Amino acid sequence: MNFADEIIETAIHKGHRFVVLEPREVFAPSVMEFREDHGRLVYKVDILLSCLGQAYGWDPVGCLEWFDYNVFSLTYMDGGPIFYDEFEEKYLTIDE
């Protein structure tokens, strides 16, 4: 069981309900943590974009466009993912 699966299984066992990006094997390396206070998974954006490029052979611009169009808005759903920018060291989709 990988790091992401352990985090997901632990959170489910504790009774949390949340969105997991699929296919899980593509996005698993980008899972950073589970925020208990928000009940949501946190994904590192740069790793997520890299995972897309490796999985589908897309260039960085294509990965970013696909992420913006298909994934980013999921953060506004109940239990949706939180995205973290490693370079700016901040959560993009929650206020802290």
Side-chain angles (χ1 to χ4, degrees):
M1 184 178 293
N2 64 37
F3 176 73
D5 288 338
E6 288 179 24
I7 289 175
I8 291 166
E9 294 303 317
T10 299
I12 290 170
H13 180 72
K14 290 182 177 181
H16 294 285
R17 296 182 60 184
F18 51 93
V19 174
V20 178
L21 298 180
E22 295 286 346
R24 193 183 292 191
E25 61 275 3
V26 170
F27 296 109
S30 65
V31 172
M32 177 177 147
E33 64 184 338
F34 184 81
R35 289 286 303 255
E36 292 270 346
D37 56 338
H38 290 272
R40 299 160 65 187
L41 277 176
V42 178
Y43 292 86
K44 293 181 181 179
V45 174
D46 293 321
I47 295 174
L48 188 149
L49 296 174
S50 177
C51 290
L52 287 172
Q54 289 175 350
Y56 302 110
W58 299 338
D59 65 23
V61 172
C63 293
L64 184 58
E65 288 175 350
W66 192 89
F67 170 77
D68 283 343
Y69 186 77
N70 295 290
V71 178
F72 190 76
S73 63
L74 296 175
T75 196
Y76 301 108
M77 293 177 61
D78 185 36
I82 297 169
F83 300 107
Y84 183 79
D85 184 332
E86 293 176 86
F87 293 112
E88 293 191 26
E89 298 181 346
K90 71 176 191 174
Y91 295 92
L92 300 177
T93 53
I94 58 173
D95 295 324
E96 295 207 306

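When a residue number appears, it is its place in the shown sequence, counting from 1. Everything quoted here is computed from the prediction, not taken from an experiment. Note that these values count all heavy atoms, side chains included, but never hydrogens, waters or copies made by symmetry.
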Going by heavy atoms in the side chains, are [X] and [Y] under 4.5 Å from each other?
{"X": "L21", "Y": "L48", "result": "yes"}
{"X": "R40", "Y": "V42", "result": "no"}
{"X": "D46", "Y": "D85", "result": "yes"}

Would you name the heavy atoms of [X] and [Y] that are closest together and state the gap between them?
{"X": "F34", "Y": "G39", "answer": "CZ-C, 3.3 Å"}
{"X": "S30", "Y": "C51", "answer": "N-SG, 4.5 Å"}
{"X": "V19", "Y": "D78", "answer": "CG2-O, 4.3 Å"}
{"X": "E33", "Y": "I7", "answer": "CA-CD1, 4.0 Å"}
{"X": "C63", "Y": "W58", "answer": "SG-CB, 3.7 Å"}

Nearest-0.5 Å distance that lies between atom [atom1] in [X] and atom [atom2] in [Y]:
{"X": "Y91", "Y": "H38", "atom1": "OH", "atom2": "NE2", "answer": "8.5 Å"}
{"X": "K44", "Y": "M32", "atom1": "NZ", "atom2": "CE", "answer": "6.0 Å"}
{"X": "D68", "Y": "L49", "atom1": "CG", "atom2": "CG", "answer": "8.5 Å"}
{"X": "L52", "Y": "E65", "atom1": "CG", "atom2": "CD", "answer": "12.5 Å"}

Original post:
Any salt bridge between R35 and D37, counting N to O under 4.0 Å?
Top reply: yes
Is there a path of hydrophobic side-chain contacts, each under 4.5 Å between heavy atoms of I/L/V/M/F/W/Y residues, joining [Y] to [X]?
{"X": "V45", "Y": "Y76", "result": "yes"}
{"X": "L74", "Y": "Y84", "result": "no"}
{"X": "V31", "Y": "V71", "result": "yes"}
{"X": "F72", "Y": "I94", "result": "no"}
{"X": "M77", "Y": "F27", "result": "yes"}

Original post:
Parallel, tilted or perpendicular: which describes the rings of F83 and Y43, with under 30° parallel and over 60° perpendicular?
Top reply: tilted
Original post:
Between Y56 and W66, how do the two ring planes meet: parallel, tilted or perpendicular, split at 30° and 60°?
Top reply: tilted
**OP:** Assess whether side chain to side chain contact (heavy atoms under 4.5 Å, CB included) is satisfied between N2 and E25, documenting all intermediate values.
**Re:** CA-CA 10 Å; N2 64 37; E25 61 275 3; over 6 Å; no
Original post:
By salt bridge (charged side-chain N to carboxylate O under 4.0 Å, His left out), which residues pair with D5, not counting sequence neighbours?
Top reply: R24
**OP:** Identify, with sequence neighbours excluded, every residue that meets side chain to side chain donor-acceptor pair (under 3.5 Å) alongside T93.
**Re:** T75
Original post:
Does atom CD of E89 have more than 12 heavy-atom neighbours, drawn from other residues, nucleotides or ligands, at distances under 6.0 Å?
Top reply: no
